[in-house]
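In what follows, a structure is listed as structure tokens, so that the remarks can point back to it.
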Amino acid sequence: MDGNQVMPIPALTAHGATIPAIGFGTSQLGDCGEAVAAALKAGYRHIDTAWKYGSEQGVGEGIRASGVAREEIFLCTKVSHEYLRTADFARSVDESLARMQVDYVDLLHVHWPSPDKVPLAETMGALAKAKRDGLARHIGVANFNIALTEEALRLCPEPLVTLQAEYRPYLDQPKVLDFCRKRGLIFTAYCPLARGRVFKDPLLAEIARAKGKSIAQIALRWLMQQGNIAAIPRSANPAHIAESLQVFDFTLSDDEMKRISALKRPDGRIANPKGRAPEWD
């Protein structure tokens, strides 16, 4: 296999959804058309965006510039916490589709919970309606804790396929991972590279040297090897974008997995907005 080829990307399945295990994240990338086109040309088929990111227009531009057929792409966006009332939710979905110039998304998330301001039953009803109306093929939630996800599963008239939340070596998530497996949800890990913090980690660097891989590839392989996890790394660098796909041609030993897992620490969380974040598990 030469440097321009990547191994096929494994897919995860839940309730009829087939989600590539490595996706391309666009948080904080803004005008990301070139990066998205580069990702798709490199072999990505899972693209993650959100209204809150300000990247939806760039995602649409990148899809069109890539030459990759829309039906080959698993496209995810999210409705922000400001728009969880029924009418606001529907308008947000319509506007997201218009910005990307697509007819549907493959996965629609509620981006952050807001049950104190909008009844969760109303939000789940709006989410389910987007699916029934053909605007989203599958639905899920992001940044919900276990209790809120349980409530969402109970209230939503359509099946949820994912819980998107933070996960990386510095953040311990055994309860959430176990919950997702038991409830048939795919865990989608955002900020898998800790917004660059992993690149200064001596243990990850040591393992990377031993494996002849990059630090990013070691951190992503650690996630992939646990099973039932999709990861959405982001980068604007075409070389780094392509590199993150090349994590399926090697294996970490049990000892390496344990050593990486031991990097967990109390301050390992990055996204924890005051007044919006739930009580984490």
Side-chain angles (χ1 to χ4, degrees), residues 9-29 36 39 44-53 55-56 59 73-80 105-113 127 131 136-146 148-150 152-153 156 159-195 216 219-235 244-245 247-248 268-272 277-278 280-281:
I9 304 168
L12 304 169
T13 58
H15 303 292
T18 300
I19 305 178
I22 292 283
F24 183 69
T26 62
S27 172
Q28 299 187 329
L29 289 185
V36 170
Y44 287 82
R45 291 298 180 267
H46 173 184
I47 305 294
D48 182 271
T49 183
W51 175 86
K52 201 78 171 175
Y53 300 163
S55 61
E56 288 178 326
V59 165
I73 300 166
F74 190 91
L75 178 61
C76 171
T77 195
K78 309 175 191 74
V79 175
S80 193
V105 291
D106 297 274
L107 178 59
L108 182 67
H109 277 125
V110 175
H111 202 162
W112 286 89
L127 181 64
K131 181 185 176 187
R137 291 190 168 175
H138 306 284
I139 54 177
V141 294
N143 300 300
F144 280 42
N145 61 18
I146 290 174
L148 283 170
T149 307
E150 281 277 27
L153 286 165
C156 192
L160 303 179
V161 302
T162 60
L163 168 61
Q164 185 176 127
E166 281 192 71
Y167 193 32
R168 68 188 66 84
Y170 303 140
L171 182 61
D172 204 18
Q173 291 278 42
K175 291 181 182 178
V176 181
L177 285 167
D178 184 58
F179 166 77
C180 286
R181 291 185 179 112
K182 287 179 177 176
R183 297 307 307 266
L185 298 171
I186 294 166
F187 186 109
T188 302
Y190 72 80
C191 288
L193 305 179
R195 293 186 182 165
L220 291 170
R221 180 64 203 175
W222 176 79
L223 289 170
M224 295 296 98
Q225 219 163 292
Q226 295 177 54
N228 198 49
I229 296 173
I232 46 172
R234 65 169 173 81
S235 175
S244 290
L245 282 181
V247 295
F248 302 107
R269 190 176 296 279
I270 291 174
N272 196 25
W280 302 112
D281 297 289

State, with a plain yes or no, whether a side-chain heavy atom of Leu160 is found less than 4.5 Å away from one of Leu127.
yes
*asked:* If you apply the rule side-chain contact (heavy atoms from CB on, under 4.5 Å), what do you find for Asp48 with Tyr190, and how did you get there?
replied: CA-CA 10 Å; Asp48 182 271; Tyr190 72 80; over 6 Å; no
On a heavy-atom basis, the closest approach of Thr77 and Trp51 is OG1-N, 3.9 Å
Residues 176-188 vs side-chain hydrogen bond (donor to acceptor under 3.5 Å, both in side chains), sequence neighbours excluded, gives Glu150-Arg183, Asp178-Lys182
Looking only at heavy atoms, the pair that brings Leu107 and Gly140 closest together is CD1-N, 3.9 Å
- prompt: With under 30° as parallel and over 60° as perpendicular, where do the rings of Trp222 and Tyr167 fit, or are they tilted in between?
  reply: tilted
(message) So does Lys78 get a backbone contact from the side chain of His111, meaning a donor-acceptor N/O pair under 3.5 Å?
(response) no
To the nearest 0.5 Å, atom SG of Cys191 lies from atom CG of Leu171 at 10.0 Å
Check your understanding: With distance as the sole test, does Thr18 use its side chain to make a donor-acceptor pair with the main-chain N or O of Thr13 at under 3.5 Å?
Key -> no
Value for CD1 (Ile232) from CG (Leu223), rounded to nearest 0.5 Å, stands at 11.0 Å
From the list Thr162, Leu177, Leu12, side-chain contact (heavy atoms from CB on, under 4.5 Å) with Phe187 holds only for Leu177
| query | Are the side chain of Asp281 and the backbone of Lys175 linked by a donor-acceptor contact shorter than 3.5 Å? | reply | no
(request) May I ask you to test the Pro192-Met224 pair for a side-chain heavy-atom distance under 4.5 Å? (result) no
Between Thr26 and Ser55 the two heavy atoms that sit nearest each other are OG1-OG, 2.8 Å
Q.
I'd like to know if the side chain of Asn228 and the backbone of Gly184 have a donor-acceptor N/O pair within less than 3.5 Å.
A. no
Between the CG atom in Asn143 and the CH2 atom in Trp112, the distance rounded to the nearest 0.5 Å is 3.5 Å
When rounded to the nearest 0.5 Å, the distance separating CD1 of Ile22 from CZ of Phe248 is 4.5 Å
Close side-chain approach of Ile47 to Leu75, heavy-atom, < 4.5 Å: yes
For Lys52 and Ser80 the tightest heavy-atom approach is CD-OG, 3.4 Å
Paired with Leu185, the side-chain contact (heavy atoms from CB on, under 4.5 Å) test is passed by just one of Val161, Leu153, Val176, namely Leu153
Arg234 and Phe24 have their tightest heavy-atom pair at CA-CE1, 4.3 Å
Taken in chain and number order and not counting sequence neighbours, the residues that satisfy salt bridge (Lys or Arg N to Asp or Glu O under 4.0 Å) with Arg168 are Glu166
query = Do Asp106 side-chain atoms and Cys76 backbone N/O form a donor-acceptor pair below 3.5 Å?
reply = no
Output for pair (Leu220 CG, Ile229 CD1), nearest 0.5 Å, gives 11.0 Å
In terms of heavy-atom contacts, His46 and Pro20 come closest through ND1-O, 3.0 Å
Practice task
Check whether any side-chain heavy atom of Trp280 sits under 4.5 Å from a side-chain heavy atom of Asn272, and report yes or no.
Solution key: yes
Separation between CZ (Arg221) and CD (Gln226), nearest 0.5 Å, reads 11.0 Å
**Request:** Measure the shortest side-chain to side-chain distance between Gln164 and Phe144 over non-hydrogen atoms and say whether it is less than 4.5 angstrom.
**Result:** no
